Every structure is written in C-alpha cells, then in structure tokens.
Amino acid sequence: MMGRENEIDVSVVIAAYNTEETLARAIDSALAQEDVSVEVIVVDDCSTDGTAAIAHSFSDPRVRLLRQLRNGGPGRARNAGLLAAQGKWVAILDSDDEIMPARLRRMTERAAGAGAQVVVDNLDVVPMTGGAPQRMFGEAELRQAGELTLADYIDSNVIFRSTFNYGYMKPVFRRDFLLRHDLWFDETLRIGEDYVLMASALACGARCVIEPSAGYVYHLREGSISRVLERHHLDSMLLADEAFLARFKLPLSAQAAQSRRTRSLVEARSFLTLVEEIKKRSPGGFLKAAIRNPRAVRHLRMPIAVRMRRLMGAVGVNPIG
C-alpha cells in the first residue's frame with residue numbers, strides 16, 4: 001500500500017527525553033517501514049544529553065525534529081507531534097523501543113479492510129538483560145477477540161490483575177478521527193496518558209481491530225518501581241478518570257468495568273501508603289492506612305516485590321523490580 005504522491009500514510013511520533021543511546025534505533029526502525037510512506041516526527045522534550053543532536057543528524061527528509069521550549073512530559077510532547085503530523089494515520093513510538101518493518105503496512109491494511117479508526121497489535125518484550133524477546137499476548141487470544149471494545153479495554157486496566165494489560169498496546173489512529181473528536185493526550189499525566197487517549201477514542205465510537213502478530217518491540221529498561229511510581233501518580237490517574245467519566249456517557253458494560261478500575265486505583269494508592277509506612281517502620285501510620293482501606297492489606301499476602309511489579313505494570317511503567 002504505497003501512499004499517493006505527496007500523501008503520507010503514517011506519521012510516526014517519537015517523544016524523546018535523554019534517550020541518546022536508543023533514539024537512533026527507534027528512528028531507523030520507523031524509516032525502514034515497508035510499503036507505506038512515513039514521516040518521523042521527533043519531539044525533544046528539553047533533553048540535557050545528545051538526544052536532539054542524534055535526531056538532527058538524520059539527513060533523511062522524512063525525519064523532522066521539534067524542540068520543546070520547556071519540559072512538559074510525554075503527553076505534551078506527543079501532542080506537539082500530533083499537531084505537526086500530516087499522515088492519514090498516526091503511530092506513537094517510544095524513543096527506546098522499535099517497530100518491525102512490516103508493522104505499519106499490516107496494521108493499516110487490517111484497519112482499512114474493516115473500516116476501523118484504530119488498530120492495535122501484539123508486542124515482543126525484550127528482557128532488561130537482553131536475550132530472546134517474549135510475546136506479550138497469545139496470538140490465538142488476540143485472533144479470537146478480533147476487536148477491542150471499550151469495556152474490555154477498561155477491564156484489562158484494572159490494577160493488580162496481571163503484569164501486562166491492553167494499556168501496553170501501541171494504537172495506530174486515524175488522524176482525522178482524533179481531530180474530529182478533539183482527542184489529545186492528557187498533559188497532566190506522567191503515567192497512563194496512553195490509556196486515557198485510547199479509552200476516549202473508544203468512548204467516541206471508534207472501532208478498534210486487532211492485528212494478532214507482534215510488530216512492536218518493547219525494551220524493558222532499568223529502574224526501580226519504588227522510585228518511579230508514587231502516590232501522586234495514582235491521584236492524577238483518578239482525576240483523569242473522573243474527567244473521562246464527566247465527558248463520556250459509557251454503556252453499562254463499560255460502567256461496570258470502570259467501577260472495578262476505580263476501586264483498584266484507590267486500593268493501589270492505599271497499598272503504596274502501606275509500603276511507605278512499612279519502610280518507615282511506623283506501626284501507627286500503617287494501622288491508620290489499613291483502617292482507611294482494609295482491602296489494601298490483602299495485597300500484602302503476596303510478596304511486596306511481586307505486587308509492586310503487577311501494580312507498576314498495570315499503570316504502564318516498566319515491570320522491573
């Protein structure tokens with residue numbers, strides 16, 4: 001599927017902050033897409049390393065570098081990329097990940113054949129130590145599902161259920177659909193902004209089809225859960241969900257899933273409070289937190305490191321401990 005002259009099939013938006021070691025790999029993978037015309041928009045979010053220089057070093061005219069005036073987080077950087085995009089479709093690529101050469105052709109062809117406005121695919125997960133990647137979801141499971149509904153998407157993002165969920169999927173959107181419904185990344189979120197945009201698109205009536213093969217390569221990165229995920233992140237996610245519910249009227253199945261998600265976010269916040277009190281060796285603080293949300297105590301039956309991995313995975317932070 002080649003784009004007509006002067007028409008861009010897919011705009012690949014890469015928000016980048018201090019990723020000089022991996023950015024070239026991400027850009028190269030986007031430029032290597034087969035049978036589709038692409039543009040690659042790199043948005044440098046005020047990096048302090050050589051990230052901007054890496055992007056600027058590409059002589060390929062399909063690569064554009066946008067430099068933010070101040071650091072605003074992934075949501076704001078991605079929105080800048082969406083504003084600049086000219087493609088029929090828009091794909092988000094994290095600056096430390098990569099995509100396989102046939103990915104965008106397979107996804108856009110599947111979406112076009114079904115008349116869908118959104119398409120998602122499977123992911124290969126590369127361990128932090130390297131080695132052979134592991135498939136995130138079973139292909140048979142995704143093939144049988146065929147489409148992703150709003151209720152299923154929200155329900156998959158209930159906290160503590162599993163390490164990975166559908167929130168990890170990297171959707172490819174029809175750009176005109178996003179513009180028509182005024183859909184953008186939530187700039188108040190540093191974690192979970194992808195979830196809100198996808199849920200909002202589905203709530204607007206977007207049809208989302210699933211390409212069961214893996215075309216996105218997700219690289220696990222070093223870092224500590226306890227240093228990455230904090231209670232204020234969950235507070236922001238709860239506020240974002242409130243705004244989502246105020247904007248959209250959900251079908252009953254999605255309402256039920258949202259209720260489960262909200263309870264899980266509240267429990268997750270209380271669980272983090274319990275962990276903090278344990279670290280501080282504060283029996284009084286622990287008791288107060290347990291009384292406020294006794295359901296959170298049950299998560300301590302499983303080793304804290306395991307629960308933290310599941311919690312962090314559920315909100316879209318790299319699952320490492």
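Predicted model, so just to flag it, every value in this text is computed and none were measured.
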Would you say the side chain of I8 lies within less than 4.5 Å of the side chain of R62, judging by non-hydrogen atoms? no
Which of these, L183, L189, N79, sits in a side chain to side chain contact (heavy atoms under 4.5 Å, CB included) with L197? L183
For P74 and A15 the tightest heavy-atom approach is O-CB, 4.5 Å
Please evaluate residues R247 and S200 with respect to the criterion side chain to side chain donor-acceptor pair (under 3.5 Å), reporting the C-alpha separation (whole Å), side-chain torsions for both, the decisive distance (0.1 Å), and the verdict. CA-CA 9 Å; R247 180 176 179 182; S200 297; 5.2 Å; no
Taking C-beta and beyond as the side chain, do H219 and D94 meet within less than 4.5 Å on heavy atoms? no
Atom CZ of residue position R64 - does it have more than 12 heavy atoms of other residues, nucleotides or ligands inside 6.0 Å? yes
Ion pair present between E7 and K88, side-chain N to carboxylate O less than 4.0 angstrom? no
What distance separates L150 CG from L202 CG, expressed to the nearest 0.5 Å? 5.5 Å
Is any side-chain heavy atom of F58 less than 4.5 Å from a side-chain heavy atom of D28? yes
Nearest heavy-atom contact between A254 and I154 is O-CD1, 4.0 Å
Got R110 and P212 here, is their nearest side-chain heavy-atom distance under 4.5 Å? yes
Describe, in one word, how the ring planes of F164 and Y168 are oriented to each other, choosing from parallel (under 30°), tilted (30 to 60°) and perpendicular (over 60°). perpendicular
Check the pair L142 / R135 against side-chain contact (heavy atoms from CB on, under 4.5 Å), numbers first and verdict last. CA-CA 12 Å; L142 297 185; R135 197 61 44 89; over 6 Å; no
Is there a side-chain contact between V10 and Q33 in this structure, where contact means two heavy atoms from C-beta onward sitting under 4.5 Å apart? no
Would a hydrophobic clustering, with Ile, Leu, Val, Met, Phe, Trp and Tyr connected at side-chain separations under 4.5 Å, put Y216 with V126? no
Would you say D152 and Y166 are linked by a side-chain donor-acceptor pair, where the criterion is simply a distance under 3.5 Å? no
Following the transitive rule for hydrophobic clusters with a side-chain heavy-atom cut-off under 4.5 Å over Ile, Leu, Val, Met, Phe, Trp and Tyr, establish whether V172 and L123 coincide in one cluster. yes
Going through the distances and angles, do M198 and F173 end up as a side-chain contact (heavy atoms from CB on, under 4.5 Å)? CA-CA 9 Å; M198 179 62 169; F173 297 95; 4.1 Å; yes
Look at the side-chain heavy atoms of Ile, Leu, Val, Met, Phe, Trp and Tyr, link any pair under 4.5 Å apart, and say whether L83 and F185 land in one connected group. yes
Non-hydrogen atoms of I27 and A55 that approach each other most closely: CD1-CA, 4.2 Å
Linked, directly or transitively: V36 and V120 (ILVMFWY side chains, under 4.5 Å): yes
Looking at R207 and A114, would you say the former's side chain and the latter's main chain have a donor-acceptor pair under 3.5 Å? yes
Minimum side-chain heavy-atom gap I99-L93 below 4.5 Å: yes
Say whether, by atom type as modelled, one donor and one acceptor occur between the side chain of S264 and the main chain of I159 under 3.5 angstrom. yes
Between Q255 and S259, is any side-chain donor less than 3.5 angstrom from a side-chain acceptor? no
Between V13 and M107, is there a shared hydrophobic cluster once you connect ILVMFWY residues whose side-chain heavy atoms come closer than 4.5 Å? yes
Value for CZ (R25) from CG (D97), rounded to nearest 0.5 Å, stands at 7.5 Å
Reported CZ-to-CG distance for the pair R78 and D186, which is rounded to 0.5 angstrom: 12.5 Å
Flag if over 12 foreign heavy atoms under 6.0 Å of NE2, H232: yes
Candidates V158, D235, L238, N157 - the one meeting side chain to side chain contact (heavy atoms under 4.5 Å, CB included) with L265: L238
So does Y17 get a backbone contact from the side chain of T51, meaning a donor-acceptor N/O pair under 3.5 Å? no
E147 atom CD, neighbour heavy-atom count above 12 within 6.0 Å: yes
From R103 CZ over to D121 CG, what is the distance, rounded to the nearest 0.5 angstrom? 4.0 Å
Could you state the interatomic distance from CD (Q86) to OG (S11), rounded to the nearest 0.5 Å? 7.0 Å
Geometric cation-pi criterion, R175 with W89: 6.0 Å, 45°: no
Please examine the side chains of C204 and Q117, heavy atoms only from C-beta on, and report whether any two atoms are closer than 4.5 Å. no
Could you check if a side-chain atom of T108 sits within less than 4.5 angstrom of a side-chain atom of V119, using non-hydrogen atoms only? no
With side chain to side chain contact (heavy atoms under 4.5 Å, CB included) as the test, pick out the partner of L234 among E230, R231, M237. M237
Minimum-distance pair of heavy atoms, taken over all atoms of T48 and N18: N-OD1, 2.6 Å
Specify the closest pair of heavy atoms between P127 and G131, including all atoms of both residues, with the distance to one decimal. CD-O, 4.1 Å
After noting the C-alpha distance and the side-chain angles of F244 and L239, does the key distance pass the side-chain contact (heavy atoms from CB on, under 4.5 Å) rule? CA-CA 9 Å; F244 169 74; L239 289 174; over 6 Å; no
Assess the side chains of E139 and N122: does a donor N or O sit below 3.5 Å from an acceptor N or O? no
Determine, for R76 against D45, whether the closest basic-nitrogen to carboxylate-oxygen distance falls under 4.0 angstrom. no
Which heavy atom of A32 sits nearest to which heavy atom of P101, and what is that distance? O-CB, 3.7 Å
Atom CD1 of I92 and atom CD1 of I14: how far apart are they, to the nearest 0.5 Å? 9.5 Å
